[in-house]
Amino acid sequence: PVSARGSVARQVDRLDLDKPLQIRTESVAASVSGPVFLKPRLLGTALEIELEGADLRDTLRRFGVDAGIPALPYKASGAVQFSADGIGLQGLSAELGASTIGLDGKVSFAKGLSGTHLKISGSGPSMEELFSGLDKIDVFPGPFETETTINLSATEIVVKNFRLKRERGQ
């Protein structure tokens, strides 16, 4: 069963979610607020989103994705903006199991996602839990901190300033 609570005001060119629209299923809770413009690619839409669930693999399986996804509880929040050239991500933060992940940047609409740029950071007490959905990869247990910037062009993927901090010997 799915339940929804909140208010949606229909305007000429958009739907206004002034109060957060809260949607619940048996395993996922979501909250969305902001204007949703009724244009191609949702141009101009700017949303604040919160999402929480007990099992990321189970949630993504409903969308046809489960390979390599850990079966961990998750919670995410942040801002998403739709522009002519892509989707902006601001202050996205997530908890996946005991780890935290941060994401800022833009996912481009261009062919091959050319022009996408992302800044990713993460930390947690148990790096191995993030890889628990991958059968043939063994990760030494223990805490981690990481950050990197990824830029995509038509011809290359550029990873800049990659840093992974682990305890000595891991």
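Scope of the values below: all heavy atoms of this structure, side chains included, with no hydrogens, waters or symmetry mates. It should be emphasised that the depicted structure is a prediction, and the values quoted were computed from it without experimental measurement.
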Residues at least two apart in sequence or cross-chain that pass salt bridge (Lys or Arg N to Asp or Glu O under 4.0 Å) with E147, listed by chain then number, are R163

Could you tell me if the side chain of [Y] sits less than 4.5 Å from the side chain of [X], heavy atoms only?
| X | Y | answer |
| --- | --- | --- |
| V159 | T149 | no |
| R166 | V139 | yes |
| D13 | L38 | no |
| E52 | V28 | no |
| F144 | S126 | no |
| L92 | S77 | no |

Minimum-distance pair of heavy atoms, taken over all atoms of [X] and [Y]:
| X | Y | result |
| --- | --- | --- |
| L51 | A30 | CD1-CB, 3.8 Å |
| G115 | S108 | C-CB, 3.8 Å |
| S83 | K106 | OG-NZ, 3.2 Å |
| S99 | G124 | OG-CA, 3.9 Å |
| A98 | E129 | N-OE2, 2.7 Å |
| L43 | A84 | CD1-N, 3.1 Å |

Show your working on side chain to side chain contact (heavy atoms under 4.5 Å, CB included) between L89 and L118 and close with a plain yes or no. CA-CA 9 Å; L89 309 170; L118 301 170; 4.1 Å; yes

Pairwise distance [atom1]([X]) to [atom2]([Y]) - rounded to 0.5 angstrom:
| X | Y | atom1 | atom2 | value |
| --- | --- | --- | --- | --- |
| T116 | N151 | OG1 | CG | 9.0 Å |
| I120 | D104 | CD1 | CG | 10.5 Å |
| L21 | I49 | CG | CD1 | 11.5 Å |

Greater than 12 external heavy atoms within 6.0 Å of [X]'s [atom1]:
| X | atom1 | result |
| --- | --- | --- |
| D138 | CG | no |
| I157 | CD1 | no |
| K119 | NZ | no |

Let's go through M127 and L164 carefully: what are the C-alpha distance in whole Å and the side-chain angles of both, what is the deciding distance for side chain to side chain contact (heavy atoms under 4.5 Å, CB included) to 0.1 Å, and is it a yes or a no? CA-CA 11 Å; M127 186 173 184; L164 174 62; 4.1 Å; yes

According to a 4.5 Å side-chain heavy-atom criterion applied to Ile, Leu, Val, Met, Phe, Trp and Tyr, with indirect links allowed, do [X] and [Y] form part of one hydrophobic cluster?
| X | Y | value |
| --- | --- | --- |
| V65 | L56 | yes |
| F140 | L134 | no |
| F37 | V80 | no |
| F82 | L113 | yes |
| L42 | V8 | yes |

For R5, the side chain to side chain contact (heavy atoms under 4.5 Å, CB included) test, sequence neighbours excluded, returns Q22

* Flag, side chain of E167 to backbone of P143, donor-acceptor distance under 3.5 Å ->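 Judged by distance alone, no pair lies under 3.5 Å.
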
Inset, instruction - Answer yes or no: is there a donor N or O on one side and an acceptor on the other, between the side chain of N161 and the main chain of T148, under 3.5 Å? - result: no

Taking it one step at a time, do R10 and D16 satisfy salt bridge (charged side-chain N to carboxylate O under 4.0 Å, His left out)? CA-CA 6 Å; R10 170 87 162 122; D16 285 333; over 6 Å; no

With R24 as partner, the option from S31, P1, S3 fulfilling side chain to side chain contact (heavy atoms under 4.5 Å, CB included) is S3

Which pairs would a plain distance check flag for residues 57-64, meaning a side-chain donor or acceptor within less than 3.5 Å of a matching protein atom at least two apart in sequence or in another chain?
from	atom 1	to	atom 2	distance (Å)
R57	NE	I69	O	2.7
R57	NH2	I69	O	3.1
D58	OD2	R62	NH2	3.1
T59	OG1	D55	O	3.2
T59	OG1	Y74	OH	2.7
R61	NE	D66	OD2	3.2
R62	NH2	S27	OG	3.2

Please walk me through it: do V36 and T45 pass side chain to side chain contact (heavy atoms under 4.5 Å, CB included)?
CA-CA 5 Å; V36 178; T45 295; 4.2 Å; yes

Inset, instruction - Please assess S33 against K19 for the test side chain to side chain contact (heavy atoms under 4.5 Å, CB included), listing each intermediate value before the final yes or no. - result: CA-CA 6 Å; S33 61; K19 296 180 182 175; over 6 Å; no

F109 six-ring face occupied by R41 cation (under 6.0 Å, within 45°): yes

Verify whether one side chain among T100 and S123 offers a donor that lies under 3.5 Å from an acceptor in the other.
->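 Checked: T100/S123 side chains pair up, N/O donor to acceptor below 3.5 Å.
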
